[in-house]
Visitor: 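Can you keep this structure in mind? I'll have questions shortly.
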Amino acid sequence: VQLVESGGGLVQPGGSLRLSCAASGFTFSRGTMAWFRQAPGREREFVVGARWSGGNRYYADSVKGRFTISRDNSRNTVYLEMISMKPEDTAVYHCATTPRTLIASTVRLMHEYEYWGQGIQVTVSS
């Protein structure tokens, strides 16, 4: 299983960006997928998760209403749409997945995900 993130870069405060996570050796139509991020000097934190069975989405309070997770089954790719971005969104963003459908209380836990992308830098600055 390989996950590859793309779409990162520099964006001004208030701007938008879309990250992609392309998978090989794995089908996103099942299991659970999440985005995490790690800012300099801080621990990696949960951003958003999705349980494809049932269509449940879970968002960190800091991004609720601004970030949206979606997927394109034909491309086996998951997207993170980010709008109204803030300087505190600056971080390295990682996608992660597991073939298991996690229970809701564990979607935010990093150790539940077996497969990780290498991460991509997102910088929000004027």
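Values reported hereafter were calculated over all heavy atoms of this structure, with side chains retained and with hydrogens, waters and symmetry mates removed.
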Visitor: How about Thr68 and Leu80: do any of their side-chain heavy atoms sit closer than 4.5 Å?
Guide: no
Visitor: Do Tyr115 and Cys95 come within less than 4.5 Å of each other through their side chains, counting heavy atoms only?
Guide: no
Visitor: Indicate yes or no: does Asp89 engage Lys86 in a salt bridge with an N to O separation below 4.0 Å.
Guide: no
Visitor: Check Leu3 against Ala23 and note the closest heavy-atom contact, atom names and distance.
Guide: CD2-CB, 3.7 Å
Visitor: What closest approach, in Å, do Ala91 and Ala39 show between heavy atoms, and which atom pair accounts for it?
Guide: CB-N, 3.8 Å
Visitor: Please determine whether side-chain contact (heavy atoms from CB on, under 4.5 Å) holds for the pair Leu19 and Tyr79, giving the CA-CA distance in whole Å, both sets of side-chain angles, and the decisive distance to 0.1 Å.
Guide: CA-CA 6 Å; Leu19 302 182; Tyr79 302 101; over 6 Å; no
Visitor: Looking only at side-chain N and O atoms, does Arg51 offer a donor or acceptor that is under 3.5 Å from a partner on Tyr58?
Guide: yes
Visitor: Taking atom OG of Ser20 and atom CD of Glu5, what is their separation to the nearest 0.5 Å?
Guide: 10.0 Å
Visitor: Do we see a donor-acceptor contact under 3.5 Å between the side chains of Ser126 and Gln12?
Guide: no
Visitor: Where do Phe36 and Trp116 land on the side-chain contact (heavy atoms from CB on, under 4.5 Å) test, with the steps shown first?
Guide: CA-CA 10 Å; Phe36 292 82; Trp116 290 79; 3.5 Å; yes
Visitor: Let me see the working for Tyr93 and Gln38 under side-chain contact (heavy atoms from CB on, under 4.5 Å), right down to the final yes or no.
Guide: CA-CA 7 Å; Tyr93 284 71; Gln38 187 166 17; over 6 Å; no
Visitor: Please report the C-alpha distance between Thr106 and Tyr113 in whole Å, then the side-chain angles of each, then the deciding distance to 0.1 Å, and finally whether the side-chain contact (heavy atoms from CB on, under 4.5 Å) criterion is met.
Guide: CA-CA 10 Å; Thr106 64; Tyr113 297 89; over 6 Å; no
Visitor: Please check: side-chain N/O of Tyr59 versus main-chain N/O of Ile69, any donor-acceptor pairing under 3.5 Å?
Guide: yes
Visitor: Distance from Thr98 atom OG1 to Leu109 atom CG, nearest 0.5 Å?
Guide: 12.0 Å
Visitor: Have a look at Arg37 and tell me which of Glu43, Glu45, Glu88 forms a salt bridge (Lys or Arg N to Asp or Glu O under 4.0 Å) with it.
Guide: Glu45
Visitor: Using atom types as modelled and distance alone, determine if a side-chain donor or acceptor of Arg75 lies under 3.5 Å from a backbone N or O of Arg71.
Guide: no
Visitor: Side chains of Met85 and Pro13, heavy atoms from C-beta outward: is any pair under 4.5 Å?
Guide: no
Visitor: Run Arg100 and Glu114 through salt bridge (Lys or Arg N to Asp or Glu O under 4.0 Å) and show every step you take.
Guide: CA-CA 10 Å; Arg100 298 171 290 123; Glu114 292 93 337; 3.2 Å; yes
Visitor: Side chains of Thr123 and Gln121 only: does a donor on one sit below 3.5 Å from an acceptor on the other?
Guide: yes
Visitor: Identify whether Met33 and Leu102 are in the same connected component of the hydrophobic contact network (ILVMFWY, side-chain heavy atoms under 4.5 Å).
Guide: no
Visitor: What closest approach, in Å, do Gly8 and Ile120 show between heavy atoms, and which atom pair accounts for it?
Guide: N-CD1, 3.2 Å
Visitor: For Glu81, is there any backbone N or O sitting under 3.5 Å from a side-chain donor or acceptor partner on Ser16?
Guide: no
Visitor: Just by modelled atom types, is the Val124 backbone N or O under 3.5 Å from a matching donor or acceptor in the Thr90 side chain?
Guide: yes
Visitor: Is there a side-chain contact between Arg44 and His94 (heavy atoms, below 4.5 Å)?
Guide: yes
Visitor: Would you kindly confirm whether Leu17 and Val63 end up in one hydrophobic cluster when ILVMFWY residues are joined by side chain heavy atoms under 4.5 Å apart?
Guide: yes
Visitor: Contact between Phe46 and Met110 at the side-chain level, heavy atoms closer than 4.5 Å - yes or no?
Guide: no
Visitor: Do Val48 and Trp35 come close enough that some side-chain heavy atom pair is under 4.5 Å?
Guide: yes
Visitor: Output the distance between atom CD (Gln2) and atom OG (Ser24), rounded to the nearest 0.5 Å.
Guide: 4.5 Å
